[in-house]
Amino acid sequence: MLDKTFDPKTFEKNFSFDMEASVRKPKAEPFMVLLPPPNVTGSLHIGHALCYTLQDILARYKRMRGFDVLFQPGLDHAGIVTQLLVEKQLYANGVEKGSLTREGLLKEIWFWKENSGGKILDQMKKLGVSCDFSRLRFTMDEGSKKAVTKMFVKLYEDGYLYRGKKMVNWDPLIGSAISDLEVIEKEIEGSLWHIKYRVKGYPDDIIVATTRPETLFGDTAIAVNPKDGRYRHLIGKEVIVPLTDRSIPVIADSYADPEKGTGAVKITPAHDFNDFEVGQRHNLPIIDIMNAKAELNDNVPEIFRKLDRFEARQKVVELLEKKGLIEKVESIKHKVPYGDRSGVILEPRLTYQWFVNAERLAAPAIEAVKQGKINFIPKHWENLYFEWLNNIRPWCVSRQIWWGHRIPAWYGPDGQIFVAETEKDAKKKAVAFYGKNCVELKQDDDVLDTWFSSGMWPFITLGWPDKTKELERFYSNMIVVTGFDIIFFWVSRMIMLGIYNMKKVPFPNVYIHSLVRDEKGQKMSKSKGNVIDPLDLCNTYGADAVRYTLASLASPGRDIKMNSRLVETGRNFLTKIWNVLRFAQMNGCTYNKDIDFSGIKHPVAQWIVVQVKKMVKDLEIALDNYRFDEATKIIYQCVWGSFCDWYMELIKPILQKTSLDSDTKEGYNLQQALLKKDIRDVTAWCILQFVRALYPISPFISKKLSGELGVTDMSWPDVDVIPESFNDSVRKVELMKEAISAIRSVRQFLHISVGDKLNVSFEIQDAEISAFISENQELLNRMAGVVLTENIGSRAVSIVVSGATLKVSIPNTVDIENEKKRLMMECNKLKKQRDDSVARLSNEDFISKAPADVVDEHKQRVEEMNEKIERFNFIIKGLETA
RNA sequence: GGGCAUGUAGCUCAGCGGUAGAGCACUACGUUGACAUCGUAGUGGUCGCAGGUUCGAUCCCUGCCGUGCCCACCA
């Protein structure tokens, strides 16, 4: 027997789903859920909770439907994030900055990973995520290393990968190139200095505006627009770079925009993307004035060397001012690139890096989505995908950090590159290349972008480069569920690398879930203090309620405004189901696996079984279409709206009365006993179906309740066993429901208290329904407080429902005028509806152009309304004469 | 500058070419045997604005306004 109160804490901890997650069904259709591997440093936030809940719903649902489901967990080594985190901890513990060797730091990070990493996995278990944890993968485990190295070599040998000196976004704190996608533009208040550059052999200065005066040491030209009359005469002249004695040319380039600044722009090819381009066009020298930490180097006058870029800026400005070389300073707002991870201002920097020719990989990736081999859900995300891939730039895959996959490239003494899977192979190549035996090779110091390995996730997890049976079965049969923010980082890379490496798309569907925001619609962030911790929610309301609520909010294409009160709704619903089973248990309902539907005769039982069947069918449609929100509503409506509000109330007399009778042995008869058994069977059967239907969404309580029913098997409800003939009962019960609601409504309207028993009589055309009503008159009594009577006195109100008119006696205290008002109101509503349809039907265009079924519908509506209105009028007339 | 999404009840959101929906909130009434994490009945909406297409528009199209986001540029 269940406890009186529903407390998820008492049973959620008792369940683990490892067993079912690891079951393989070799003969069934394969289905894989490709879990986006969380960072090894990660801890579960609300976005993860949503993402994993949706994935887990799919995994469980597919398992229940008989698929061979692989739901494999993993962790991402998260290069930069992890290295920064461990370094920070080491420094905090007294390790001196820069004192660690590569090997030393890696040892520390591995140690950290083994002891403190992957906490999120336990948190996932708390949320009930049914991954097969026995197949946990790490993006830097041995298999991944092997795969990544092989992939790198393959790409290189196929000509997709090259090393080149290019300008990249450089993070001076990390000391590495970072991805263009990790550049965050922030608008800040800054200054625009107008600096005088002296023109050689010319009286006037040329004024150049810049936000970065410290970079003037790297200037190698001043550009003006050839069409700009102000400067035309200066083109070809030499100017002196302030604070130096270096002269640089004034060049003509359309890049200089006469509208911006002074129209003359300093060109610093080593420190600006656009300037680099200009420099290339004009063959300008490149003067790099900074080191990896963005301190000025030996290419600047001695007093500025070793200064940080901002200190240098201050000093440059001071000196310029002293020399009267600053014409004016403007305050401006401008956007500055920041590193997403480090939070510092980035520097464009010219360095040797490894690049993947992404354009070549992108073409088939674009094609695959265009041809519908891959579908985004919701579809509009495809626009974003196309937009990015159509404008894709070379993918810089090298990072100047230590934690990650070391680039399998070796250099000969002359810089010759040898790319190979092992050092031994590289040596062989070197020997062949140089034609001598003893060659000193040095491995590339850099590691690969973390997304390089993540991009291989669909086949790494399945064992590639080995030819595993999982790879054969699951590749191309998976679903990806993830946030829009990693469409570029992850989804598109998986598609590109997947098609390139496996010659077919990794997955046919990508579900993009919404962003979870706070209740005001703001992005959650630690600094704003508006973070909702899913684990807190789980502790308060239970993981099931959190999952249920997240699913209910997962409408496609709209961000989620999260609020812990919303979880209450979920919790309340689960409480309701808990109490449903408690009620059933108290009334001796046990699950009968041999239930024979053909023997179930009671219309109310038949009706609810039909409702459950409909629920299951609707649920299948919803889940097959990733409508998690619909799914929760469908279950809620059936359990609460149909089963609790009606079925349970309607069958209570049967369960409770007969149990009393059988206790006393008085009035006990076989018919009643059999009926009671049927109702008990149906009740338990329905609850089991609810529990199963709910299992993908809220597995803990489902498992608990099904256990109470003595069922451990969690297969999807089989509703095809329900006889079609049950549909006939729907009319009867629906009329009963309508009558009960109408009587209750009248009661409230006329302020007749529930205690007052009223008499009621029915006028029903349909004999079967009529018989059903009189056979079940005690239900009317119980639910609406009315007693079926042949002759009702003249003090009565009439109620018009579909297919019947009811007369209900009313006490003397009730004001007849009120009743008239009520009837008129009801009647006017009907008239309005009728007139609307009549108006349409009198429109010839409507008759000729609207579809026949719509026209018929309106004709029928007019008839129905007229019939009801007639009955109303009759009643109102009667009331007036009374 | 280019693009995407979004605007429906007080709030959070479904829906959709053919009679505007749910949950919460609110109002009234109720409840000692499944459940107050409850029940019953109600109140509440020119579906952002303006045009157009259509027999018919909340839904499709165009424009505008508001909101959120993405990309690009910025001397």
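Values reported hereafter were calculated over all heavy atoms of this structure, with side chains retained and with hydrogens, waters and symmetry mates removed.
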Kindly write out the residues that satisfy salt bridge (charged side-chain N to carboxylate O under 4.0 Å, His left out) with A/Arg747, not counting sequence neighbours, or none if the list is empty. none

Any strand, both distances under 3.5 Å, Watson-Crick or G-U wobble: B/C59 pairs with none

Would one find a side-chain N or O of A/Arg840 under 4.0 angstrom from OP1 or OP2 of B/G18? no

Nearest-Å distance for atom pair CG/C1', residues A/Asp219 and B/A75: 11 Å

Any ring-ring contact (aromatic ring centres under 6.0 Å, His included) involving residues 537-586 of chain A? Give me the pairs, sequence neighbours left out, ordered by first then second residue. A/Phe6-A/Trp578, A/Phe11-A/Trp578, A/Tyr548-A/Phe573, A/Phe573-A/Tyr636

For A/Asp836, which contact category applies under a 4.0 Å heavy-atom criterion: base, sugar-phosphate, or nothing? nothing

Close residues, residues 843-854 of chain A, relative to RNA chain B [heavy-atom separation under 4.0 Å]: A/Asn843, A/Asp845, A/Phe846, A/Lys849, A/Ala850, A/Pro851, A/Val854

By the 4.0 Å heavy-atom rule, please label A/Tyr255 as base, sugar-phosphate, or nothing. base

Considering only the C1' atoms, how many Å lie between B/C11 and B/U43, rounded to the nearest integer? 16 Å

Between A/Asp253 and A/Asn225, is any side-chain donor less than 3.5 angstrom from a side-chain acceptor? no

Take A/Leu553 and A/Arg861, find for each the nucleotide of RNA chain B with the closest heavy atom, and name the residue whose nucleotide sits nearer the 5' end. A/Leu553

Going by purine N1 to pyrimidine N3 plus the second Watson-Crick contact, or the G-U wobble pair, all under 3.5 Å, which nucleotide sits opposite B/U53? none

Which residues pass the ring-ring contact (aromatic ring centres under 6.0 Å, His included) test with A/Trp388, sequence neighbours left out? A/Phe488

Span that lies between the P atom of B/G33 and that of B/G15, in whole angstrom: 41 Å

Of the non-hydrogen atoms in A/Thr215 and A/Lys266, which two are nearest, and what is the gap between them? OG1-NZ, 2.6 Å

Taking the P atom of each, how far is B/C64 from B/C73, in whole Å? 26 Å

Residues that A/Asp272 engages under salt bridge (charged side-chain N to carboxylate O under 4.0 Å, His left out), provided they are two or more places apart: none

Between B/G44 and B/G23 - C1' atom distance, rounded Å: 15 Å

What is the base-pairing partner of B/G7, counting Watson-Crick and G-U wobble geometry with both distances under 3.5 Å? B/C65

For atom CD of A/Glu359, is the number of surrounding heavy atoms from other residues, nucleotides or ligands below 6.0 Å larger than 12? no

Interatomic distance where CD belongs to A/Glu863 and P belongs to B/U19 [whole Å]: 18 Å

Do A/Ser642 and A/Gln637 have side chains that approach each other closer than 4.5 Å (heavy atoms only, starting at C-beta)? yes

Tell me what A/Lys260 touches on the nucleic acid: a base, only sugar-phosphate, or nothing, going by heavy atoms under 4.0 Å. base

Across all chains, not counting sequence neighbours, the side chain to side chain contact (heavy atoms under 4.5 Å, CB included) partners of A/Val754 are none

Hey, would you say the A/Phe276 and A/His271 ring centroids sit under 6.0 Å apart? no

What's the closest nucleotide to the A/Arg565 side chain, out of B/A25, B/C4, B/U12? B/A25

Please name all residues satisfying side chain to side chain contact (heavy atoms under 4.5 Å, CB included) with A/Glu738, sequence neighbours left out, ordered by chain then number. A/Val801, A/Ser802

In whole angstrom, give me the gap between the P atoms of B/C38 and B/A72. 49 Å

In B/S/- notation (B base, S sugar-phosphate only, - none; protein heavy atoms under 4.0 Å), nucleotides 37-48 of chain B written 5' to 3' is BSSBSS------

Contacts of A/Ser525 meeting side chain to side chain contact (heavy atoms under 4.5 Å, CB included) (sequence neighbours excluded), chain-then-number -> A/Ser527, A/Lys528, A/Asn530

Which base sits across from B/C47 as a Watson-Crick or G-U pair, both distances under 3.5 Å? none

So which pairs with a foot in residues 835-847 of chain A pass salt bridge (charged side-chain N to carboxylate O under 4.0 Å, His left out), sequence neighbours left out? A/Asp836-A/Arg840

When both hydrogen-bonding distances must be under 3.5 Å and the geometry is Watson-Crick or G-U wobble, what is B/G17 paired with, if anything? none

With sugar-phosphate meaning primed atoms plus P, OP1 and OP2, does A/His334 contact a base, only sugar-phosphate, or nothing at under 4.0 Å between heavy atoms? nothing

What is the distance, rounded to the nearest whole Å, between atom NZ of A/Lys4 and atom C1' of B/U32? 11 Å

Once you round it to whole Å, what is the distance between P of B/G2 and CG of A/Asn390? 19 Å

Paired to B/C29 by Watson-Crick or G-U wobble criteria (both distances under 3.5 Å) is B/G39

Say we look at B/U19 and B/G30: how far apart would their C1' atoms be, to the nearest angstrom? 33 Å

Could you give the distance separating B/U67 and B/C60 at their C1' atoms, to the nearest angstrom? 23 Å

Can you list everything that forms a salt bridge (charged side-chain N to carboxylate O under 4.0 Å, His left out) with A/Glu382? Sequence neighbours excluded, please. A/Lys379

Could you give the distance separating B/G7 and B/U58 at their P atoms, to the nearest angstrom? 15 Å

Taking atom P of B/A5 as reference, at what distance in whole Å does atom NZ of A/Lys379 sit? 13 Å

Report, one pair per line, the protein and nucleotides 68-72 of chain B atoms (nitrogen or oxygen only) whose separation is under 3.5 Å.
unit_1	atom_1	unit_2	atom_2	d
B/G68	O2'	A/Arg517	NH2	3.1
B/A72	OP1	A/Arg393	NH2	3.2
B/A72	N6	A/Lys335	NZ	3.4

Quick one: is B/G30 close enough that its OP1 or OP2 comes under 4.0 Å of any side-chain N or O from A/Arg747? no

When you match A/Glu649 and A/Asp629 each to their closest nucleotide on RNA chain B, which lands nearer the 5' end? A/Asp629

A/Gln585 CD to B/C35 C1', in whole Å, measures 14 Å

Between P on B/A25 and CG on A/Leu566, what's the gap in Å once rounded to a whole number? 11 Å

Paired with B/A22 by Watson-Crick or G-U wobble geometry, both distances under 3.5 Å: which nucleotide is it? B/U12

Roughly how many Å is it from CG in A/Asn563 to C1' in B/C13, rounded to a whole number? 13 Å

Any base atoms under 4.0 Å from A/Ala256, or only sugar-phosphate, or nothing? Heavy atoms, all strands. base

Around atom NZ of A/Lys196, are there more than 12 heavy atoms from other residues, nucleotides or ligands closer than 6.0 Å? yes

